[in-house]
Each structure stands twice: as structure tokens, then as C-alpha cells.
Peer 1: 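So that we are looking at the same thing, I have put the structure below in C-alpha cells.
In what follows, every heavy atom counts, from backbone to side chain, and hydrogens, waters and symmetry copies are set aside. For the single chain, residues carry numbers from 1 onward in sequence order. One-based numbering, in listed order, for ligands and for the atoms of each.
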Amino acid sequence: MAPKTIYNTTVVCPACEREFTATKVRLNAYRVLSQDSDFAAIYEGVNPILYQVFVCEHCGYAAFQDRFDQLNPKERKIINTQVGAYWKHKSYSGERTLDSALEAYKLALYCLQLRKAKSSEIAKTCLRIAWIYRWKGDQREKDFLKFALELYTEAYQSEDLPFDKMDAPHCIYLIAELNRKTGNLEEATKWFGRLFSSPEARQDKFLWDLAHEQYQLVKDSKEGNASPRDES
Ligand SMILES: [Zn+2]
């Protein structure tokens, strides 16, 4: 018999106040095998990222499970009138596929946009959507990496750090790396430079070494792409 890796729990929706079944992942159901350069983990066992967004089956309100309850009266009204009023009953409990997780994340993104949430929260959601597209082998990954980049850059300039669990060095690194991944080599150079001049970043050996590896790729790309005119 397969071990029970996921389990159901009853949650009260803060938007419509009805109960629904949400699915969570047991902590011992997965192990991190490795990590991509933008922090997307590769898991053995169940992928917990697929289950991080709860969706109310009655009204369509969706959000990260650790912030699911955080809906103020004004936001509640927005969700009720602009999501709940049009929602057709659908449950996202039980085992999730990449496609059903993607739907859940897109609903969460839509709710955050309607609520005019902080750029850092929308950025986090877009980055996870990019990862799911990557796991599907879908080119739309790039579009969502660009959205995440734009929003993290905006958040870095206008919000107080840390965002959720992301401190300043991790945010600067991510902006640098997303610029590199989306082909903005000059911007990537600028942000890696900012990271390398941060004493706080130097304290984190893993991040420091990773940043140097990725910065080397920027330098290699720039040399590879240099035209004769650039070299004169
Ligand atoms: Zn609801």
C-alpha cells in the first residue's frame, strides 16, 4: 500500500464563510534533491509547491495557504462580487497534477491582482507559475519569469524587506539571475555588482558562491555575443 503522502483538512473560507476540503502534504512525503538557479527545488516524492495554494470550491477565492485567512472586509467584498458571483463549483482537493496546480496558482494570481496586493506577493506567485510551466516543458515559463522580474524589481524599490521569508541579498540575487535568464545581461551585471558589494550577502556562503557561478555565465555570454565593433 502506498504511504499516505497527502491528507485532507477542513478549512473555513474567509470570503464566503463556507467550509471546504483542502489538501496538504505531509512533511516526510518529499525530499529536496537539488535546486535550480532561481530557487525552484527539484523534489523526490510529492512536489509540495503544487499544494501551496488553497482554492475555495464554493466561491473560487484562492491564496497561499499560509496567508489564506488574511482577507480584510474590503478585499472580501471584491472577491465576492468579482470572483464568487461568477464561480461554478469546482474542487481542487485531492491529488494535484501540474495542470490543476497551474489553475490554482492562476486563480490566486487573479485574486491578488483584484485585491491590489503588494508587488512582492504577486511576484512570488508569478515565479511559481513560471516553475510549473518549466516542469511542463512549456515556453510560457519565460513570460512569467519576466513578470516576476518586473514585480520583484518594483517591490525592491518600493517595499520594506524582507518580503515574506526573502531577505535583501536573496531578492537582489533573484533580480540579477532573472535578468540573466531573460537575456538582460547589462541589468544582470548591475544587480550582481550590487550583491557583491553587500556585506550581508558575503555572510551567506551558499548564495555568495551561487551568485559567482551565475555571474560567470553572464560574463561568458557577453564575450560570446560581443560583435567586432564592441571589441574595437
Ligand atoms: Zn469561499
Side-chain angles (χ1 to χ4, degrees), residues 4-30 40-41 43 45-136 138 140-141 143-144 147-148 150-152 154-155 159 162-166:
K4 284 189 175 160
T5 52
I6 55 176
Y7 64 99
N8 287 338
T9 179
T10 301
V11 175
V12 177
C13 173
C16 70
E17 297 182 323
R18 283 195 275 175
E19 285 186 350
F20 69 96
T21 303
T23 302
K24 288 183 159 187
V25 179
R26 289 192 196 283
L27 282 176
N28 61 4
Y30 58 90
Y43 297 97
V46 180
N47 182 344
I49 302 285
L50 305 186
Y51 296 85
Q52 282 178 348
V53 165
F54 282 173
V55 182
C56 170
E57 64 191 69
H58 307 295
C59 75
Y61 166 61
F64 276 95
Q65 58 172 277
D66 58 350
R67 295 189 159 222
F68 195 75
D69 288 339
Q70 297 172 15
L71 203 61
N72 66 39
K74 192 177 153 200
E75 292 172 320
R76 191 183 152 190
K77 197 175 166 194
I78 291 170
I79 297 299
N80 288 340
T81 55
Q82 298 190 52
V83 183
Y86 304 100
W87 180 254
K88 286 196 182 122
H89 186 273
K90 182 169 180 179
S91 169
Y92 285 82
S93 68
E95 197 176 329
R96 280 194 184 162
T97 60
L98 291 174
D99 287 318
S100 62
L102 196 54
E103 279 180 32
Y105 272 92
K106 286 197 177 171
L107 283 165
L109 177 61
Y110 183 53
C111 290
L112 285 172
Q113 287 168 329
L114 289 174
R115 294 162 66 187
K116 301 197 189 315
K118 285 184 187 168
S119 299
S120 57
E121 284 184 53
I122 304 178
K124 178 183 171 179
T125 311
C126 287
L127 185 59
R128 275 143 191 80
I129 292 175
W131 296 346
I132 299 174
Y133 275 128
R134 179 181 309 160
W135 298 328
K136 277 168 63 74
D138 188 314
R140 274 171 284 181
E141 172 197 347
D143 298 336
F144 280 87
F147 296 145
E150 204 175 297
L151 289 154
Y152 272 124
E154 205 174 284
E159 293 177 29
F163 311 141
D164 203 359
K165 288 161 202 147
M166 187 185 288

Peer 1: Give a yes or no on this: more than 12 heavy atoms of other residues, nucleotides or ligands lie within 6.0 Å of atom NZ of Lys118.
Peer 2: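 Not more than 12 within 6.0 Å, no.
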Peer 1: So does Lys77 get a backbone contact from the side chain of Thr81, meaning a donor-acceptor N/O pair under 3.5 Å?
Peer 2: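 Confirmed, Thr81 side chain pairs with Lys77 backbone.
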Peer 1: Taking the Zn ion (ligand 1) as the center, what protein N, O or S atoms are found at less than 2.8 Å?
Peer 2: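 Listed by chain and number, the atoms are Cys13 SG, Cys16 SG, Cys56 SG, Cys59 SG.
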Peer 1: Do side-chain atoms of Arg26 reach the backbone of Lys4 as a donor and acceptor pair under 3.5 angstrom?
Peer 2: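 Yes, Arg26 side chain to Lys4 backbone: donor-acceptor pair under 3.5 Å.
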Peer 1: With a sphere of 6.0 Å drawn around CD of Glu95, does it hold more than 12 non-hydrogen atoms of other residues, nucleotides or ligands?
Peer 2: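 No, not enclosed.
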Peer 1: With Phe54, which of Tyr105, Phe68, Phe64, Tyr61 fulfils ring pair (Phe, Tyr, Trp, His ring centres under 6.0 Å)?
Peer 2: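 Answer to the ring pair (Phe, Tyr, Trp, His ring centres under 6.0 Å) test with Phe54 among Tyr105, Phe68, Phe64, Tyr61: Phe68.
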Peer 1: For the pair Glu75 (side chain) and Asn72 (backbone), establish whether a donor and an acceptor sit closer than 3.5 Å, ignoring hydrogens and angles.
Peer 2: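 Yes, the answer is positive, given that a donor and an acceptor are paired below the 3.5 Å cut-off.
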